[in-house]
Amino acid sequence: MNQRPNGFKYTKAHVMYLSMWKDGSWDEGRLDPSDQLTISGLSTALHYGQECFEGLKAYRRQDGRVQLFRVIDNARRFQTSCERLMMPVFPVERFVEAVKMTVKANIDFVPPYGFRESLYIRPFMIGIGDNLGLRPAPMFLFSIIVSPVGSYFNGEVKPVDMVTTDYDRAAPNGMGHVKVGGNYAASMMSQVHARRAGYADAIFLDPKTHTKIEEAGAANFFGITKDGTYITPKSPSILNSITNRSLKYLAKEKLNMNVVEGEIFIDDLSHLEEAGACGTAAMITPIASVTHHEKKHIFPCHETMGPYTKKLYDLLSGIQYGDIDDPLDWVTIL
Ligand code: PLP
Ligand code: COI
């Protein structure tokens, strides 16, 4: 790869991974130089949203080697998504092997160390085959496509402005906790409206009462109180973010912070000194302000990343790029 990635835009790499499920089992899987799929126009993925995906990254270390971050956790969450959508699970060990194989075959697309860039890995599963009526597909395709990427929200380090939306991305007992395409289809209008109005992303409120922050369209939300407590929403309709899980651990175990999973009321953000969005694509992006129904709340740390967020950012990115020892076997060196 000669060119450096331009934000979160797609660049085709050498190969994608493909495996097909038919008659009750997965085939052995293969790499393919194309990134195109030919499927029936009646595939359930196209009509009934039988699709789920994952997102993880491969990072170039200073010593030139490449490592994955928490791939097993992505493999497990992927299984939860598949089960919720009545899709066959892809075995965890096979998921890990397929990710390794795909990254190794595209290794020169992993950006160099030192630029906060990485290789984004997008495993996904779709229901395929002819299916006119509403029922699970007769066949499934598991694939992995990779692309070098830079930052998702125009430079992770500068705080961004966000705005709440009155739409919901997920229903109270729906699929918000799993990573399925339908949640993203539901969130797209809010995201586009937010961006058109000059915000980085939309913030969704809890679908039952619309009074509490849930998460952004592409990342979880966290806040840090004046006394250094890391607080993040607890709700059955938000995605169980692996980045957020990592931050909760690092805040508690490495920074001795108090960690709370609780309610963050949109009308009462005054206790938060710092706020941020976190996720694989978003990494840790500080949030400068949240606008709710024309009222803009600006967090005290709005010009640069706040001190606690910065410590968390340095710890997490240090582990992801191999500069800091991995505390819990999160990293897989290829
Ligand atoms: N929430 C949503 C809606 C997301 O799309 C993502 C991205 O994956 C996240 C949260 C963060 O999850 P993770 O840290 O596992 O990437
Ligand atoms: C990720 O962070 O991996 C995601 O899937 C978010 C996506 C909307 C880019």
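Ligands are counted one by one from 1 in listed order, and the atoms in each one are counted from 1 as well. Only this structure's heavy atoms are used, side chains among them; waters, hydrogens and symmetry mates stay out. Quick caveat: nothing in here was measured; it's all calculated off a predicted structure.
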Would you say the side chain of Gln320 lies within less than 4.5 Å of the side chain of Leu316, judging by non-hydrogen atoms? yes
Would you call [X] and [Y] a salt bridge, taking side-chain N to carboxylate O under 4.0 Å as the test?
X      : Y      : value
Arg169 : Glu215 : yes
Asp206 : Lys208 : no
Arg77  : Asp73  : no
Glu97  : Lys100 : yes
Glu117 : Arg4   : yes

Tell me the nearest of [options] to [atom], using heavy-atom distances.
atom                    : options                        : value
atom 6 (C) of ligand 2  : Ala216, Ala218, Gly279, Ala277 : Ala218
atom 14 (O) of ligand 1 : Leu247, Thr243, Asn244         : Thr243
atom 10 (C) of ligand 1 : Glu54, His177, Glu215          : Glu215

May I ask you to decide if the ring planes of Phe142 and Phe78 are parallel, tilted or perpendicular, using 30° and 60° as cut-offs? tilted
Phe221 and Phe299 aromatic ring geometry - parallel, tilted or perpendicular at 30°/60° bounds: tilted
Specify the protein heavy atom at minimum distance from [atom]: its residue, its atom name, and the distance to 0.1 Å.
atom                    : result
atom 6 (C) of ligand 1  : Ala218 O, 3.5 Å
atom 2 (O) of ligand 2  : Ala281 N, 2.8 Å
atom 5 (O) of ligand 1  : Tyr184 OH, 2.5 Å
atom 16 (O) of ligand 1 : Thr280 OG1, 2.6 Å

Surrounding [atom1] of [X] (heavy atoms of other residues, nucleotides or ligands, distance under 6.0 Å), is the total greater than 12?
X      : atom1 : value
Asp227 : CG    : yes
Leu132 : CG    : no
Asn173 : CG    : no
Lys234 : NZ    : no

Determine whether any heavy atom of Lys179 lies closer than 4.0 Å to an atom of ligand 1. yes
Would Gly217 count as a contact of ligand 1 if the rule is a heavy atom under 4.0 Å away? yes
Quick one: does ligand 1 sit under 4.0 Å from the side chain of Ser241, the backbone, both or neither, non-hydrogen atoms only? both
Test of proximity, Tyr120 against ligand 2: N or O pairs below 3.5 Å: yes
Report yes if [X] has an N/O atom closer than 3.5 Å to an N/O atom of ligand 1; otherwise report no.
X      : answer
Ile242 : yes
Asn240 : no
Arg169 : no

Under the criterion ring pair (Phe, Tyr, Trp, His ring centres under 6.0 Å), which of Phe115, Phe69, Tyr59, Tyr313 is the partner of Tyr321? Tyr59
In terms of atom number and element, which parts of ligand 2 are under 4.0 angstrom from non-hydrogen atoms of [X]?
X      : result
Tyr152 : 8 (C), 9 (C)
Phe53  : 5 (O)
Thr280 : 2 (O), 3 (O)

Within the structure, is a non-hydrogen atom of Arg122 found at a distance of less than 4.0 Å from ligand 2? yes
Under-4.0 Å heavy-atom contact with ligand 2, by part of Lys179 that carries it: side chain
Distance under 4.0 Å to a non-hydrogen atom of Asn220: what atoms of ligand 1 satisfy this? 1 (N), 10 (C)
Using a 4.0 Å cut-off to any heavy atom of Arg77, which atoms of ligand 1 qualify? 12 (O), 13 (P), 15 (O)
